[in-house]
Number of protein chains: 2
Amino acid sequence: MSANKTLSEVIAETSDEPSPLYKQVKQGIINQILHGHWQPHQRVPSESELVSELGFSRMTINRALRELSTEGYLLRLQGVGTFVNEIKAFTPMLEVSNISDEIKSRGHFHTSRVLRVQKQTASDSQAIQFNLRPGSQLFHSVIVHYENDNPVQLEDRVVNPEVAPLYLQQDFTKTTPFAYLSQLAPLTAGEHTVEAVIANDEEQRLLKISNTEACLQILRRTWHQEKVVTCARLLYPGGRYKMFGRFQK
Amino acid sequence: MSANKTLSEVIAETSDEPSPLYKQVKQGIINQILHGHWQPHQRVPSESELVSELGFSRMTINRALRELSTEGYLLRLQGVGTFVNEIKAFTPMLEVSNISDEIKSRGHFHTSRVLRVQKQTASDSQAIQFNLRPGSQLFHSVIVHYENDNPVQLEDRVVNPEVAPLYLQQDFTKTTPFAYLSQLAPLTAGEHTVEAVIANDEEQRLLKISNTEACLQILRRTWHQEKVVTCARLLYPGGRYKMFGRFQK
DNA sequence: AAGTGGTCTAGACCACACC
DNA sequence: GTGTGGTCTAGACCACTTA
(Lines give C-alpha, C1' and ligand atoms only; values in the text may rest on other atoms or scores of the structure.)
Protein backbone atom coordinates (compact mmCIF):
# COMPACT_ATOMS: atom_id res chain seq x y z
CA MET A 1 0.00 0.00 0.00
CA SER A 2 1.75 3.16 1.14
CA ALA A 3 4.89 3.74 3.15
CA ASN A 4 4.86 5.90 6.23
CA LYS A 5 4.15 9.47 5.38
CA THR A 6 4.18 12.67 7.31
CA LEU A 7 0.92 14.30 8.14
CA SER A 8 1.62 17.19 5.79
CA GLU A 9 2.22 14.77 2.92
CA VAL A 10 -1.04 13.00 3.64
CA ILE A 11 -2.89 16.29 3.73
CA ALA A 12 -1.25 17.53 0.56
CA GLU A 13 -2.40 14.40 -1.27
CA THR A 14 -5.97 14.34 -0.13
CA SER A 15 -6.63 17.98 -0.93
CA ASP A 16 -7.63 17.38 -4.54
CA GLU A 17 -11.14 18.50 -3.75
CA PRO A 18 -10.86 21.61 -1.63
CA SER A 19 -12.34 21.30 1.82
CA PRO A 20 -12.00 23.38 4.95
CA LEU A 21 -8.51 23.33 6.40
CA TYR A 22 -9.64 21.98 9.75
CA LYS A 23 -11.36 19.10 7.97
CA GLN A 24 -8.24 18.31 6.00
CA VAL A 25 -6.27 18.22 9.21
CA LYS A 26 -8.87 15.98 10.83
CA GLN A 27 -8.97 13.56 7.92
CA GLY A 28 -5.20 13.48 7.72
CA ILE A 29 -4.93 12.57 11.37
CA ILE A 30 -7.67 9.95 11.05
CA ASN A 31 -5.74 8.42 8.17
CA GLN A 32 -2.56 8.29 10.21
CA ILE A 33 -4.46 6.47 12.93
CA LEU A 34 -6.34 4.07 10.67
CA HIS A 35 -3.23 3.12 8.75
CA GLY A 36 -1.51 2.40 12.00
CA HIS A 37 1.20 4.98 11.53
CA TRP A 38 0.05 6.60 14.75
CA GLN A 39 -0.59 3.97 17.39
CA PRO A 40 -2.93 4.17 20.38
CA HIS A 41 -1.41 5.93 23.42
CA GLN A 42 1.17 7.50 21.17
CA ARG A 43 1.67 11.22 21.54
CA VAL A 44 0.65 13.36 18.60
CA PRO A 45 2.41 16.62 17.73
CA SER A 46 1.43 19.55 19.91
CA GLU A 47 -0.68 22.38 18.58
CA SER A 48 2.31 24.66 18.13
CA GLU A 49 4.24 21.92 16.36
CA LEU A 50 1.37 21.37 13.95
CA VAL A 51 1.11 25.11 13.39
CA SER A 52 4.72 25.27 12.21
CA GLU A 53 4.51 21.96 10.34
CA LEU A 54 1.32 22.67 8.44
CA GLY A 55 1.36 26.45 8.29
CA PHE A 56 -2.22 26.87 9.50
CA SER A 57 -3.22 29.08 12.38
CA ARG A 58 -3.47 27.70 15.86
CA MET A 59 -7.25 28.13 16.00
CA THR A 60 -7.59 25.90 12.95
CA ILE A 61 -5.34 23.23 14.40
CA ASN A 62 -7.11 23.55 17.73
CA ARG A 63 -10.50 23.01 16.17
CA ALA A 64 -9.35 19.89 14.36
CA LEU A 65 -7.83 18.39 17.49
CA ARG A 66 -10.74 19.40 19.69
CA GLU A 67 -13.31 17.82 17.39
CA LEU A 68 -11.28 14.65 17.04
CA SER A 69 -11.17 14.54 20.79
CA THR A 70 -14.93 14.81 21.22
CA GLU A 71 -15.31 12.21 18.47
CA GLY A 72 -13.17 9.85 20.46
CA TYR A 73 -10.13 9.58 18.21
CA LEU A 74 -7.84 11.60 20.45
CA LEU A 75 -7.41 12.18 24.13
CA ARG A 76 -6.28 15.62 25.24
CA LEU A 77 -4.82 16.52 28.61
CA GLN A 78 -4.18 20.11 29.49
CA GLY A 79 -0.56 20.67 30.34
CA VAL A 80 0.38 17.21 29.11
CA GLY A 81 -0.38 16.64 25.46
CA THR A 82 -2.59 14.96 22.92
CA PHE A 83 -2.65 11.21 22.46
CA VAL A 84 -4.17 8.67 20.10
CA ASN A 85 -7.11 6.96 21.74
CA GLU A 86 -7.99 3.30 21.77
CA ILE A 87 -9.73 2.32 18.58
CA LYS A 88 -13.35 3.20 18.86
CA ALA A 89 -15.76 0.39 19.10
CA PHE A 90 -18.56 0.45 16.62
CA THR A 91 -21.40 2.14 18.45
CA PRO A 92 -24.63 1.96 16.57
CA MET A 93 -27.56 3.66 18.10
CA LEU A 94 -30.83 2.13 19.03
CA GLU A 95 -33.39 4.83 18.95
CA VAL A 96 -35.79 4.41 21.79
CA SER A 97 -38.86 6.52 21.53
CA ASN A 98 -42.40 6.70 22.74
CA ILE A 99 -44.08 3.36 21.96
CA SER A 100 -47.24 5.19 21.03
CA ASP A 101 -45.48 7.37 18.44
CA GLU A 102 -43.66 4.35 17.13
CA ILE A 103 -46.88 2.47 16.53
CA LYS A 104 -48.59 5.47 14.98
CA SER A 105 -45.65 5.99 12.65
CA ARG A 106 -46.36 2.54 11.25
CA GLY A 107 -49.90 3.66 10.52
CA HIS A 108 -51.36 1.47 13.25
CA PHE A 109 -53.30 2.43 16.33
CA HIS A 110 -52.06 2.24 19.86
CA THR A 111 -54.06 1.39 22.95
CA SER A 112 -52.98 0.44 26.40
CA ARG A 113 -54.34 -1.37 29.39
CA VAL A 114 -53.27 -0.14 32.79
CA LEU A 115 -52.90 -3.09 35.13
CA ARG A 116 -51.45 -1.29 38.10
CA VAL A 117 -50.59 2.25 39.22
CA GLN A 118 -49.73 2.44 42.88
CA LYS A 119 -47.37 3.47 45.61
CA GLN A 120 -44.95 0.97 47.06
CA THR A 121 -42.08 0.81 49.49
CA ALA A 122 -38.64 0.50 47.93
CA SER A 123 -36.86 -2.78 48.37
CA ASP A 124 -33.20 -2.57 49.32
CA SER A 125 -32.02 -3.11 45.76
CA GLN A 126 -34.52 -0.59 44.42
CA ALA A 127 -33.36 1.98 46.96
CA ILE A 128 -29.81 1.49 45.72
CA GLN A 129 -30.88 1.75 42.10
CA PHE A 130 -32.66 5.03 42.78
CA ASN A 131 -30.04 6.30 45.17
CA LEU A 132 -32.73 6.80 47.84
CA ARG A 133 -32.92 5.78 51.48
CA PRO A 134 -34.14 2.24 52.15
CA GLY A 135 -37.86 2.22 52.81
CA SER A 136 -38.56 5.27 50.64
CA GLN A 137 -41.80 5.36 48.74
CA LEU A 138 -41.78 4.67 45.01
CA PHE A 139 -44.44 4.64 42.32
CA HIS A 140 -45.05 1.50 40.32
CA SER A 141 -47.00 1.03 37.12
CA VAL A 142 -47.68 -1.97 34.92
CA ILE A 143 -49.11 -1.38 31.49
CA VAL A 144 -49.67 -3.51 28.41
CA HIS A 145 -49.37 -1.71 25.07
CA TYR A 146 -51.30 -2.91 22.03
CA GLU A 147 -50.68 -2.35 18.35
CA ASN A 148 -53.94 -2.90 16.49
CA ASP A 149 -55.16 -4.91 19.50
CA ASN A 150 -52.09 -7.16 19.53
CA PRO A 151 -50.01 -6.85 22.68
CA VAL A 152 -46.50 -5.68 21.78
CA GLN A 153 -45.03 -4.45 25.05
CA LEU A 154 -45.38 -5.17 28.73
CA GLU A 155 -44.09 -2.13 30.59
CA ASP A 156 -43.24 -2.59 34.24
CA ARG A 157 -41.99 0.74 35.56
CA VAL A 158 -40.84 2.14 38.87
CA VAL A 159 -40.73 5.91 39.20
CA ASN A 160 -39.02 8.32 41.58
CA PRO A 161 -41.74 10.37 43.36
CA GLU A 162 -39.32 13.25 43.91
CA VAL A 163 -39.22 13.75 40.17
CA ALA A 164 -42.84 12.98 39.32
CA PRO A 165 -44.97 13.56 42.44
CA LEU A 166 -48.20 13.48 40.45
CA TYR A 167 -47.40 10.25 38.60
CA LEU A 168 -50.22 8.25 40.18
CA GLN A 169 -52.85 10.72 39.05
CA GLN A 170 -52.03 10.50 35.34
CA ASP A 171 -54.30 8.77 32.86
CA PHE A 172 -51.94 6.40 31.11
CA THR A 173 -54.50 5.36 28.54
CA LYS A 174 -54.16 8.87 27.12
CA THR A 175 -50.46 9.51 27.49
CA THR A 176 -47.65 7.03 28.01
CA PRO A 177 -45.39 7.10 31.06
CA PHE A 178 -42.48 7.69 28.68
CA ALA A 179 -44.13 10.80 27.23
CA TYR A 180 -45.20 12.08 30.63
CA LEU A 181 -41.79 11.66 32.20
CA SER A 182 -39.93 13.00 29.15
CA GLN A 183 -41.88 16.19 29.30
CA LEU A 184 -41.48 16.50 33.06
CA ALA A 185 -37.82 15.60 33.34
CA PRO A 186 -36.04 15.30 30.00
CA LEU A 187 -33.57 12.48 29.92
CA THR A 188 -29.99 13.48 30.39
CA ALA A 189 -28.46 10.04 30.79
CA GLY A 190 -29.43 6.42 30.70
CA GLU A 191 -28.25 2.87 30.72
CA HIS A 192 -29.88 -0.30 29.60
CA THR A 193 -29.37 -3.96 29.05
CA VAL A 194 -30.93 -5.97 26.28
CA GLU A 195 -31.36 -9.70 26.54
CA ALA A 196 -33.51 -12.56 25.34
CA VAL A 197 -35.68 -14.36 27.88
CA ILE A 198 -38.61 -16.70 28.17
CA ALA A 199 -41.59 -14.99 29.78
CA ASN A 200 -43.28 -16.45 32.84
CA ASP A 201 -46.84 -17.75 32.76
CA GLU A 202 -48.54 -14.49 33.61
CA GLU A 203 -46.46 -12.54 31.14
CA GLN A 204 -47.21 -15.08 28.43
CA ARG A 205 -50.89 -14.65 29.12
CA LEU A 206 -50.70 -10.85 29.01
CA LEU A 207 -48.67 -10.82 25.78
CA LYS A 208 -50.73 -13.67 24.30
CA ILE A 209 -47.74 -15.80 23.44
CA SER A 210 -46.85 -19.44 23.90
CA ASN A 211 -44.17 -20.85 26.16
CA THR A 212 -41.96 -21.50 23.15
CA GLU A 213 -41.73 -17.91 22.10
CA ALA A 214 -38.68 -15.86 23.04
CA CYS A 215 -39.05 -12.34 24.39
CA LEU A 216 -36.81 -9.34 24.14
CA GLN A 217 -36.29 -7.77 27.54
CA ILE A 218 -34.92 -4.28 28.03
CA LEU A 219 -34.02 -3.04 31.48
CA ARG A 220 -33.53 0.69 31.40
CA ARG A 221 -32.62 3.24 34.03
CA THR A 222 -32.74 6.91 33.15
CA TRP A 223 -31.52 10.08 34.77
CA HIS A 224 -32.49 13.71 34.75
CA GLN A 225 -29.47 15.68 35.91
CA GLU A 226 -28.34 13.94 39.10
CA LYS A 227 -31.57 12.12 39.86
CA VAL A 228 -32.69 8.69 38.73
CA VAL A 229 -36.09 9.24 37.16
CA THR A 230 -37.28 5.73 36.47
CA CYS A 231 -36.36 2.10 36.09
CA ALA A 232 -38.31 0.21 33.49
CA ARG A 233 -38.53 -3.40 32.44
CA LEU A 234 -39.88 -3.67 28.92
CA LEU A 235 -40.86 -7.06 27.59
CA TYR A 236 -41.54 -7.56 23.89
CA PRO A 237 -42.86 -10.71 22.23
CA GLY A 238 -40.07 -11.97 19.97
CA GLY A 239 -42.30 -12.78 17.07
CA ARG A 240 -43.91 -9.37 16.96
CA TYR A 241 -41.08 -7.00 17.73
CA LYS A 242 -37.65 -6.04 16.45
CA MET A 243 -35.44 -3.16 17.38
CA PHE A 244 -33.88 -1.42 14.47
CA GLY A 245 -31.02 1.03 14.52
CA ARG A 246 -28.83 2.88 12.11
CA PHE A 247 -25.40 4.26 12.56
CA GLN A 248 -23.41 6.72 10.60
CA LYS A 249 -19.95 7.94 11.34
CA MET B 1 -41.40 28.51 38.12
CA SER B 2 -39.88 31.39 36.20
CA ALA B 3 -41.34 33.92 33.82
CA ASN B 4 -39.94 34.31 30.34
CA LYS B 5 -36.47 35.73 30.45
CA THR B 6 -34.10 36.94 27.84
CA LEU B 7 -31.07 34.85 27.08
CA SER B 8 -28.74 37.42 28.59
CA GLU B 9 -30.70 37.35 31.85
CA VAL B 10 -30.50 33.58 31.98
CA ILE B 11 -26.78 33.68 31.37
CA ALA B 12 -26.23 36.42 33.93
CA GLU B 13 -27.99 34.29 36.57
CA THR B 14 -26.25 31.02 35.94
CA SER B 15 -22.76 32.52 35.96
CA ASP B 16 -22.25 32.18 39.70
CA GLU B 17 -19.52 29.68 39.12
CA PRO B 18 -17.37 31.01 36.32
CA SER B 19 -17.25 28.80 33.26
CA PRO B 20 -16.10 29.43 29.71
CA LEU B 21 -18.23 31.96 27.89
CA TYR B 22 -19.16 29.57 25.10
CA LYS B 23 -20.40 27.10 27.69
CA GLN B 24 -22.50 29.74 29.39
CA VAL B 25 -24.06 30.59 26.06
CA LYS B 26 -24.71 26.92 25.34
CA GLN B 27 -26.29 26.28 28.71
CA GLY B 28 -28.38 29.43 28.46
CA ILE B 29 -29.75 28.34 25.11
CA ILE B 30 -30.41 24.81 26.35
CA ASN B 31 -32.36 26.30 29.24
CA GLN B 32 -34.45 28.41 26.91
CA ILE B 33 -35.28 25.27 24.94
CA LEU B 34 -35.96 23.00 27.90
CA HIS B 35 -38.20 25.56 29.57
CA GLY B 36 -40.14 25.86 26.37
CA HIS B 37 -39.40 29.53 25.90
CA TRP B 38 -37.85 28.67 22.58
CA GLN B 39 -40.02 26.21 20.68
CA PRO B 40 -38.98 23.69 18.02
CA HIS B 41 -38.73 25.18 14.50
CA GLN B 42 -38.51 28.64 16.05
CA ARG B 43 -35.74 30.85 14.77
CA VAL B 44 -32.86 31.60 17.11
CA PRO B 45 -31.16 35.02 17.08
CA SER B 46 -28.44 35.22 14.45
CA GLU B 47 -24.78 35.20 15.37
CA SER B 48 -24.45 38.92 14.91
CA GLU B 49 -27.56 39.56 17.00
CA LEU B 50 -26.15 37.45 19.80
CA VAL B 51 -22.83 39.25 19.51
CA SER B 52 -24.50 42.60 20.17
CA GLU B 53 -26.91 41.19 22.75
CA LEU B 54 -24.33 39.33 24.82
CA GLY B 55 -21.22 41.30 24.09
CA PHE B 56 -19.07 38.28 23.29
CA SER B 57 -17.05 37.90 20.13
CA ARG B 58 -18.50 36.19 17.13
CA MET B 59 -16.12 33.23 17.36
CA THR B 60 -17.42 32.52 20.86
CA ILE B 61 -21.04 32.71 19.79
CA ASN B 62 -20.24 30.65 16.74
CA ARG B 63 -18.65 27.90 18.80
CA ALA B 64 -21.64 27.71 21.11
CA LEU B 65 -24.12 27.48 18.22
CA ARG B 66 -21.97 25.08 16.25
CA GLU B 67 -21.61 22.67 19.14
CA LEU B 68 -25.31 22.83 19.96
CA SER B 69 -25.93 22.01 16.33
CA THR B 70 -23.74 18.91 16.34
CA GLU B 71 -25.34 17.90 19.63
CA GLY B 72 -28.72 18.04 17.96
CA TYR B 73 -30.30 20.95 19.81
CA LEU B 74 -30.15 23.36 16.91
CA LEU B 75 -30.36 23.17 13.16
CA ARG B 76 -28.23 25.60 11.18
CA LEU B 77 -28.70 26.48 7.53
CA GLN B 78 -26.16 28.61 5.77
CA GLY B 79 -27.73 31.69 4.36
CA VAL B 80 -30.98 31.05 6.22
CA GLY B 81 -30.57 30.96 9.97
CA THR B 82 -30.48 28.86 13.10
CA PHE B 83 -33.52 27.01 14.41
CA VAL B 84 -34.52 25.00 17.45
CA ASN B 85 -34.57 21.32 16.59
CA GLU B 86 -37.19 18.71 17.35
CA ILE B 87 -36.70 17.21 20.76
CA LYS B 88 -34.27 14.40 20.36
CA ALA B 89 -35.50 10.90 20.80
CA PHE B 90 -33.62 9.07 23.45
CA THR B 91 -30.86 7.32 21.58
CA PRO B 92 -28.78 5.17 23.85
CA MET B 93 -25.83 3.49 22.32
CA LEU B 94 -25.14 -0.16 22.19
CA GLU B 95 -21.45 -0.55 21.93
CA VAL B 96 -20.60 -3.35 19.59
CA SER B 97 -17.00 -4.34 19.59
CA ASN B 98 -14.74 -7.19 18.78
CA ILE B 99 -16.06 -10.25 20.62
CA SER B 100 -12.53 -11.29 21.39
CA ASP B 101 -11.65 -7.98 23.07
CA GLU B 102 -14.92 -8.04 24.92
CA ILE B 103 -14.21 -11.44 26.39
CA LYS B 104 -10.63 -10.54 27.25
CA SER B 105 -11.78 -7.38 28.98
CA ARG B 106 -13.76 -9.60 31.35
CA GLY B 107 -10.55 -11.43 32.16
CA HIS B 108 -11.64 -14.55 30.31
CA PHE B 109 -10.10 -16.28 27.34
CA HIS B 110 -11.52 -16.40 23.88
CA THR B 111 -11.32 -19.24 21.41
CA SER B 112 -13.20 -19.90 18.23
CA ARG B 113 -14.10 -22.80 16.03
CA VAL B 114 -14.32 -22.15 12.33
CA LEU B 115 -17.11 -24.25 10.85
CA ARG B 116 -17.06 -22.86 7.37
CA VAL B 117 -15.11 -20.42 5.20
CA GLN B 118 -16.01 -20.61 1.57
CA LYS B 119 -17.11 -18.92 -1.60
CA GLN B 120 -20.75 -18.97 -2.60
CA THR B 121 -23.04 -17.52 -5.20
CA ALA B 122 -25.25 -14.67 -4.05
CA SER B 123 -28.93 -15.38 -3.79
CA ASP B 124 -31.24 -12.73 -5.17
CA SER B 125 -31.90 -11.19 -1.77
CA GLN B 126 -28.21 -11.25 -0.89
CA ALA B 127 -27.36 -9.52 -4.16
CA ILE B 128 -29.82 -6.80 -3.26
CA GLN B 129 -28.44 -6.48 0.25
CA PHE B 130 -24.92 -6.07 -1.08
CA ASN B 131 -25.95 -3.97 -4.03
CA LEU B 132 -24.24 -6.42 -6.39
CA ARG B 133 -25.40 -8.13 -9.56
CA PRO B 134 -27.41 -11.34 -9.08
CA GLY B 135 -25.14 -14.35 -9.25
CA SER B 136 -22.08 -12.50 -7.95
CA GLN B 137 -19.67 -14.41 -5.78
CA LEU B 138 -19.68 -13.80 -2.01
CA PHE B 139 -17.64 -15.14 0.88
CA HIS B 140 -19.34 -16.93 3.71
CA SER B 141 -18.02 -17.85 7.13
CA VAL B 142 -19.57 -19.56 10.12
CA ILE B 143 -17.72 -19.39 13.41
CA VAL B 144 -18.57 -20.26 17.01
CA HIS B 145 -16.95 -18.07 19.66
CA TYR B 146 -16.21 -19.45 23.10
CA GLU B 147 -15.68 -17.66 26.40
CA ASN B 148 -13.76 -19.98 28.71
CA ASP B 149 -14.91 -22.89 26.53
CA ASN B 150 -18.59 -21.89 26.75
CA PRO B 151 -20.11 -20.97 23.41
CA VAL B 152 -21.34 -17.37 23.53
CA GLN B 153 -21.78 -16.38 19.90
CA LEU B 154 -22.60 -18.04 16.64
CA GLU B 155 -21.37 -15.78 13.86
CA ASP B 156 -22.77 -16.36 10.40
CA ARG B 157 -21.22 -13.81 8.10
CA VAL B 158 -21.36 -12.97 4.41
CA VAL B 159 -18.61 -10.74 3.03
CA ASN B 160 -18.21 -8.64 -0.08
CA PRO B 161 -15.19 -9.97 -2.02
CA GLU B 162 -14.61 -6.58 -3.60
CA VAL B 163 -13.77 -5.21 -0.19
CA ALA B 164 -11.94 -8.19 1.26
CA PRO B 165 -10.58 -10.29 -1.62
CA LEU B 166 -8.29 -12.27 0.69
CA TYR B 167 -10.99 -13.07 3.25
CA LEU B 168 -10.94 -16.83 2.61
CA GLN B 169 -7.22 -17.06 3.35
CA GLN B 170 -7.40 -15.58 6.84
CA ASP B 171 -6.93 -17.67 9.95
CA PHE B 172 -9.99 -16.82 12.00
CA THR B 173 -8.78 -18.71 15.03
CA LYS B 174 -6.14 -16.00 15.39
CA THR B 175 -8.07 -12.89 14.42
CA THR B 176 -11.82 -12.37 14.27
CA PRO B 177 -13.63 -11.42 11.07
CA PHE B 178 -14.70 -8.24 12.85
CA ALA B 179 -11.11 -7.26 13.58
CA TYR B 180 -9.91 -8.22 10.10
CA LEU B 181 -12.64 -6.29 8.30
CA SER B 182 -12.38 -3.28 10.62
CA GLN B 183 -8.74 -2.91 9.85
CA LEU B 184 -9.26 -3.43 6.14
CA ALA B 185 -12.34 -1.27 5.66
CA PRO B 186 -13.22 0.78 8.73
CA LEU B 187 -16.92 1.03 9.29
CA THR B 188 -18.51 4.23 8.15
CA ALA B 189 -22.14 3.27 8.53
CA GLY B 190 -24.24 0.41 9.72
CA GLU B 191 -27.70 -0.81 10.49
CA HIS B 192 -28.92 -3.63 12.60
CA THR B 193 -31.96 -5.28 14.05
CA VAL B 194 -32.11 -6.92 17.42
CA GLU B 195 -34.70 -9.52 18.23
CA ALA B 196 -35.34 -12.53 20.41
CA VAL B 197 -35.64 -15.93 18.74
CA ILE B 198 -35.57 -19.62 19.48
CA ALA B 199 -32.61 -21.29 17.82
CA ASN B 200 -33.04 -24.25 15.51
CA ASP B 201 -31.73 -27.70 16.38
CA GLU B 202 -28.28 -27.30 14.89
CA GLU B 203 -27.81 -23.89 16.47
CA GLN B 204 -28.90 -25.24 19.83
CA ARG B 205 -26.30 -27.96 19.52
CA LEU B 206 -23.55 -25.53 18.56
CA LEU B 207 -24.38 -23.13 21.37
CA LYS B 208 -25.01 -25.97 23.83
CA ILE B 209 -28.43 -24.75 24.86
CA SER B 210 -31.82 -26.35 25.30
CA ASN B 211 -34.91 -25.74 23.20
CA THR B 212 -36.42 -23.66 25.99
CA GLU B 213 -33.69 -21.06 25.97
CA ALA B 214 -34.22 -17.79 24.16
CA CYS B 215 -31.49 -16.34 21.97
CA LEU B 216 -30.62 -12.80 21.10
CA GLN B 217 -30.22 -12.37 17.37
CA ILE B 218 -28.51 -9.40 15.79
CA LEU B 219 -28.60 -8.89 12.05
CA ARG B 220 -26.09 -6.31 11.05
CA ARG B 221 -25.10 -4.78 7.77
CA THR B 222 -22.11 -2.48 7.62
CA TRP B 223 -20.71 -0.10 5.06
CA HIS B 224 -17.33 1.32 4.20
CA GLN B 225 -17.93 4.48 2.22
CA GLU B 226 -20.40 3.47 -0.48
CA LYS B 227 -19.83 -0.27 -0.35
CA VAL B 228 -21.56 -2.85 1.79
CA VAL B 229 -18.76 -4.71 3.53
CA THR B 230 -20.57 -7.49 5.29
CA CYS B 231 -23.86 -8.84 6.56
CA ALA B 232 -23.69 -10.78 9.77
CA ARG B 233 -26.13 -12.80 11.78
CA LEU B 234 -24.99 -13.04 15.38
CA LEU B 235 -26.76 -15.44 17.70
CA TYR B 236 -26.23 -15.27 21.45
CA PRO B 237 -27.55 -17.69 24.04
CA GLY B 238 -29.96 -15.70 26.19
CA GLY B 239 -28.78 -17.12 29.45
CA ARG B 240 -25.16 -16.25 28.84
CA TYR B 241 -25.28 -12.92 27.11
CA LYS B 242 -26.60 -9.41 27.67
CA MET B 243 -25.94 -6.27 25.74
CA PHE B 244 -25.26 -3.27 27.87
CA GLY B 245 -25.24 0.35 26.81
CA ARG B 246 -24.91 3.74 28.37
CA PHE B 247 -26.08 7.05 27.11
CA GLN B 248 -25.20 10.55 28.11
CA LYS B 249 -26.58 13.67 26.60
C1' DA C 1 10.45 27.97 33.90
C1' DA C 2 8.82 25.91 29.85
C1' DG C 3 5.48 23.55 27.37
C1' DT C 4 0.89 22.07 26.95
C1' DG C 5 -4.01 22.65 25.94
C1' DG C 6 -8.34 26.02 26.88
C1' DT C 7 -10.26 30.08 25.73
C1' DC C 8 -11.18 34.58 23.72
C1' DT C 9 -10.93 38.53 20.54
C1' DA C 10 -11.40 41.67 16.36
C1' DG C 11 -11.29 41.46 12.09
C1' DA C 12 -11.59 39.26 7.54
C1' DC C 13 -13.27 36.76 3.30
C1' DC C 14 -16.33 33.41 1.51
C1' DA C 15 -20.66 30.60 -0.04
C1' DC C 16 -25.25 30.55 0.22
C1' DA C 17 -30.31 31.94 0.39
C1' DC C 18 -33.67 35.30 -0.18
C1' DC C 19 -35.64 39.44 -1.92
C1' DG D 1 -27.76 43.63 -2.30
C1' DT D 2 -28.32 42.11 2.38
C1' DG D 3 -28.10 38.92 5.88
C1' DT D 4 -26.95 34.37 7.07
C1' DG D 5 -23.68 30.83 8.61
C1' DG D 6 -18.66 28.73 7.50
C1' DT D 7 -14.10 29.45 7.91
C1' DC D 8 -9.59 31.42 8.94
C1' DT D 9 -6.01 34.33 11.07
C1' DA D 10 -2.63 36.48 14.42
C1' DG D 11 -2.24 37.40 18.60
C1' DA D 12 -3.36 37.18 23.46
C1' DC D 13 -4.04 35.51 28.33
C1' DC D 14 -4.92 31.72 31.22
C1' DA D 15 -4.69 27.05 33.85
C1' DC D 16 -2.42 23.10 34.14
C1' DT D 17 1.57 19.63 34.25
C1' DT D 18 6.23 18.48 34.44
C1' DA D 19 10.78 19.18 35.46
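Quick note on labels: first sequence line is chain A, next is B, and so on, each numbered from 1.
- Residue B:Leu219 is tested with B:His192, B:Glu191, B:Arg233 for a side chain to side chain contact (heavy atoms under 4.5 Å, CB included); the sole match is B:Arg233.
- Note on A:Arg58: a base of the nucleic acid sits closer than 4.0 angstrom, heavy atoms only.
- Of all nucleotides in DNA chain D having an atom under 4.0 Å from a heavy atom of chain A, the first and last in 5' to 3' order are D:dT7 to D:dT17.
- When each of A:Gly81 and A:Arg66 is assigned the nucleotide of DNA chain C with its nearest heavy atom, A:Gly81 is the one assigned upstream, toward the 5' end.
- If you check every strand for non-hydrogen atoms under 4.0 Å, A:Leu77 touches sugar and phosphate atoms only.
- The aromatic rings of A:Tyr180 and A:Tyr167 lie tilted to each other, with the angle between the two planes from 30° to 60°.
- The local environment of CG in B:Asn131 is sparse, with at most 12 non-hydrogen atoms from other residues, nucleotides or ligands closer than 6.0 Å.
- Remark: the backbone N or O of B:Val51 is not paired with any side-chain donor or acceptor of B:Ser57 at under 3.5 angstrom.
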**OP:** Report the C-alpha distance between A:Glu67 and B:Arg66 in whole Å, list the side-chain angles of each, state the deciding distance to 0.1 Å, and finish with yes or no for salt bridge (Lys or Arg N to Asp or Glu O under 4.0 Å).
**Re:** CA-CA 11 Å; A:Glu67 293 192 357; B:Arg66 177 160 36 84; 3.6 Å; yes
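- In this structure, B:Arg43 atom CZ and C:dC18 atom P are separated by 12 Å, rounded to whole Å.
- Taking both residues in full, the closest heavy atoms of A:Ile103 and A:Val152 are given as CD1-CG2, 4.1 Å, listed atom of the first, atom of the second, then distance.
- For the pair A:Gln78 and A:Lys23, both in contact range of DNA chain D, the more 5′-proximal nearest nucleotide belongs to A:Lys23.
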